[in-house]
There are 2 protein chains.
Amino acid sequence: MAGVSTATVSRALANPEKVSEATRAKVAQAVRETGYSPNAAARSLRRSESKTIVVILPDIANPFFSDVISGLEEVAHSAGYKVLLGDSAHDPKRAQDYFDLVPTNQADGIILLTTEIPYTLVKDRQLKSGFPLVMACEYFDDLELPTIYVDNEKGASKAIDYLLDMGHTHIASISGPISNPICRDRHQGFLNCLRKKQLNFDEKYLRQGDFSFSAGYQQGRVLLQMKDRPTAFFCHNDEMAVGVIKAARDLDLKVPGDVSVVGFDNIKFGEYCEPELTTVHQPREDIGRQAMKMMLDILASNDVPIRQTLRTQLIVRGSAGAKPQTH
Amino acid sequence: MAGVSTATVSRALANPEKVSEATRAKVAQAVRETGYSPNAAARSLRRSESKTIVVILPDIANPFFSDVISGLEEVAHSAGYKVLLGDSAHDPKRAQDYFDLVPTNQADGIILLTTEIPYTLVKDRQLKSGFPLVMACEYFDDLELPTIYVDNEKGASKAIDYLLDMGHTHIASISGPISNPICRDRHQGFLNCLRKKQLNFDEKYLRQGDFSFSAGYQQGRVLLQMKDRPTAFFCHNDEMAVGVIKAARDLDLKVPGDVSVVGFDNIKFGEYCEPELTTVHQPREDIGRQAMKMMLDILASNDVPIRQTLRTQLIVRGSAGAKPQTH
DNA sequence: CTGAAAGCGCTTACAG
DNA sequence: CTGAAAGCGCTTACAG
């Protein structure tokens, strides 16, 4: 229709500078009239790239991830990449399926936001050097994977130092799964602070949850019903912290009058609960942006650092206060 | 390696019943040894289908959508389809890009969870009969699009009848954008209930928000500072309802003692705020499942209904109570 | 600056 | 039940 070969059309569309201005105009006109759009499958086949990055996350419903995703998409989009979101929570077979998108050329790389997938899956891929795999938010401690996350030990320390400064000595921890390295780091930060003050940690004050509201509620309830109940809680995420606050309310305990609660993540909702949540902020969009930049660097065969950490920030609101006098 | 032609390998993998058992075994063995995986781009090109469905939603951070997505993915996955999530919120150009995935063969269909995208985009596609487009949760009232959503008018009526039964006569409404048909339906349900009781609606009690926490907070604050402030609020979603509760708290008003608040959607978080939220439940996973089934029906050239509605349910918790005596 | 031609890796109608 | 062959729609090295 433009009176030129398909080769020229291809060039006019993909590398306009390789084509004369007159031809470019004719092609553009014909494209407009016909409503032509290039077939992406054919292009993928020819170029062996899909311009798609898969992001595997444990739970779409967790508001923590939405900001990470925004950051990820921002960078991806401006580089002409699409983001395919994969929820792995329900079964490990799904994670497998998502990983398989790379060898089948449906995706160019994988960004992992969770360690809750079969370890061998990651290990095998990581061994093939050149498999484009980036980890964000969490990490595997025995794998040399390009990773971007927050200094969890320091983050926890900020929360615990704050509670110690308010006089608390009986501090409980509602941790995420202790198999998770970031949870171990946070717990380490916790212990370090106690040690500096020559305080011992009583193991009965440590409970594990799965980062859900209800885990926080259940574990909080158990701890609050102990005869020497803790006067403060450090929770490994905000949803569990909100669960603890509800447990306290149900037991007629005031927050922060009777119990102080500190969360982790700084999700939006923390500003709207009662009392407003004191928490440790993670720069979620930044994590997302950096992770996608790392991925693009890998795909461009640039060098990428193995691990990179960002800073947290203690956000002081109303859910933590002085240790109660009577205790 | 299996000593057969590529045609036979292809058949052994895609239509095992067309191949002898011995051959099938040889192929399977070779696949295992080589780690072969078929190139999806080539398959897409040949079959002209991508087995990918794009879902366009206004805001990934809104927890309302995560359950819809679960339902969508459940059905998609079991039919061998992938789901590509697209956040359209930030700019309309993105929505355009997502729509373009269909003519370029990168996606087989579009599921829309929002009306907040350029209208012409949808209109043009809808005119091309056969363009695989399904709408869920919301709808365009002047477009004949296969749509699955909830009976919003009835849903609102359940909330309002409940408030009227408790003696409230000054009920405020914090609506979503009134340009949104589902918001008009909800408001209509509201007005119908008042009319049945011979009550007039005072327009000053109607405020619009954008479904965010902060919109609920701001509009709630304005309404609660009126001299004849309402004794009850009907909010078009739960986040705005939570915002109103916070506004009441900041003004030293008790919920539900001084003000009753009812939300819409029944998001998880409603169970963890104080007081727990009374709200109208939407069967979100069902909506998702049905929407994806409609899409698969369209792709299989089966007939699909233009509009299908599901039922809501009033969830009574603690945020709404009797009209205060003193008022 | 442009065209002819080859080839990316599948799938499938056709022939045997 | 199996193979040879064509073709899906691009892109790009090569030649002019």
Side-chain angles (χ1 to χ4, degrees), chain A residues 1-52 80-82 97 100-109 130 132 299-300, chain B residues 1-52 80-82 97 100-109 130 132 299-300:
Chain A
M1 177 152 175
V4 297
S5 72
T6 59
T8 300
V9 173
S10 177
R11 280 188 283 253
L13 263 33
N15 307 86
E17 75 284 1
K18 289 191 178 174
V19 152
S20 78
E21 197 168 331
T23 313
R24 219 182 302 155
K26 275 189 294 178
V27 171
Q29 174 63 17
V31 164
R32 236 172 287 124
E33 286 179 29
T34 55
Y36 166 81
S37 47
N39 181 308
R43 172 177 293 171
S44 287
L45 175 57
R46 179 57 224 241
R47 293 202 185 153
S48 43
E49 64 173 16
S50 62
K51 292 281 181 186
T52 301
Y81 279 79
K82 286 170 294 298
D97 288 350
D100 286 346
L101 259 25
V102 173
T104 61
N105 251 293
Q106 292 184 88
D108 297 340
L299 295 176
Chain B
M1 176 152 175
V4 298
S5 71
T6 59
T8 299
V9 172
S10 176
R11 279 188 285 254
L13 262 33
N15 308 88
E17 76 283 0
K18 290 192 177 171
V19 152
S20 79
E21 197 168 329
T23 313
R24 219 182 302 154
K26 275 188 295 178
V27 171
Q29 174 63 18
V31 164
R32 236 172 288 125
E33 286 180 27
T34 55
Y36 166 82
S37 47
N39 181 308
R43 172 176 292 171
S44 286
L45 176 58
R46 179 60 223 241
R47 292 203 185 154
S48 44
E49 64 173 16
S50 62
K51 291 284 182 183
T52 300
Y81 278 80
K82 286 171 293 299
D97 288 350
D100 286 346
L101 259 26
V102 172
T104 61
N105 251 294
Q106 293 184 86
D108 296 340
L299 295 176

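Sequence lines set the chain letters: A, B, ... in the order given, protein chains first and strands last, and positions in each chain run from 1.
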Asks: Taking the same atom, P, in D/dG9 and in D/dA13, what whole-Å distance lies between them?
Replies: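 These two P atoms come out 23 Å apart once rounded.
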Asks: Could you tell me how far C/dT12 sits from C/dG16 if I compare only their C1' atoms? Round to whole Å.
Replies: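 Each nucleotide's C1' atom is 16 Å from the other's.
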Asks: How about A/E21: does its CD atom have over 12 heavy atoms from other parts shown lying under 6.0 Å from it?
Replies: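 Check fails, neighbour count at 12 or below.
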Asks: Strictly distance-based, threshold 3.5 Å: is any side-chain N or O of B/N15 a donor or acceptor partner for the main-chain N or O of B/K18?
Replies: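 A pair under 3.5 Å: no.
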Asks: Under 3.5 Å, is there a donor on one side chain and an acceptor on the other for B/Q106 and A/K51?
Replies: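 On atom types as modelled, these side chains do not qualify, holding no pair under 3.5 Å.
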Asks: What integer distance in Å separates B/E21:CD from D/dC1:P?
Replies: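 Rounded to whole Å, this separation is 10 Å.
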Asks: Under 3.5 Å, side chain of B/R24 to main-chain N/O of B/P16, donor-acceptor pair present?
Replies: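 Side chain of B/R24 to backbone of B/P16, a donor-acceptor pair under 3.5 Å: yes, one is there.
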Asks: Is there a Watson-Crick or G-U wobble partner for C/dA13 with both distances under 3.5 Å, and which nucleotide is it?
Replies: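 Across any shown strand, C/dA13 pairs with none.
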Asks: Which letter, B, S or -, goes with each nucleotide of nucleotides 9-16 of chain C from 5' to 3', with contact meaning a protein heavy atom under 4.0 Å?
Replies: BBBBB---
Asks: Taking only the P atom of each, what is the distance from C/dC10 to C/dC14 in whole angstrom?
Replies: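 Nearest-Å result for C/dC10 against C/dC14 at atom P: 23 Å.
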Asks: Could you give the CZ-to-P distance, from B/R24 to D/dC1, as a whole number of Å?
Replies: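 Interatomic distance, CZ of B/R24 to P of D/dC1: 8 Å.
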Asks: B/T104 vs A/S37, test: side-chain contact (heavy atoms from CB on, under 4.5 Å). Steps then yes/no.
Replies: CA-CA 6 Å; B/T104 61; A/S37 47; 4.0 Å; yes
Asks: Can you tell me if A/S5 touches the phosphate of C/dG3, counting only side-chain N or O atoms and a distance under 4.0 Å to OP1 or OP2?
Replies: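 True: A/S5 side-chain N/O within range (under 4.0 Å) of C/dG3 OP1/OP2.
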Asks: Quick one: are B/V4 and B/V19 in side-chain contact, heavy atoms under 4.5 Å?
Replies: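 No, their side chains stay 4.5 Å or more apart.
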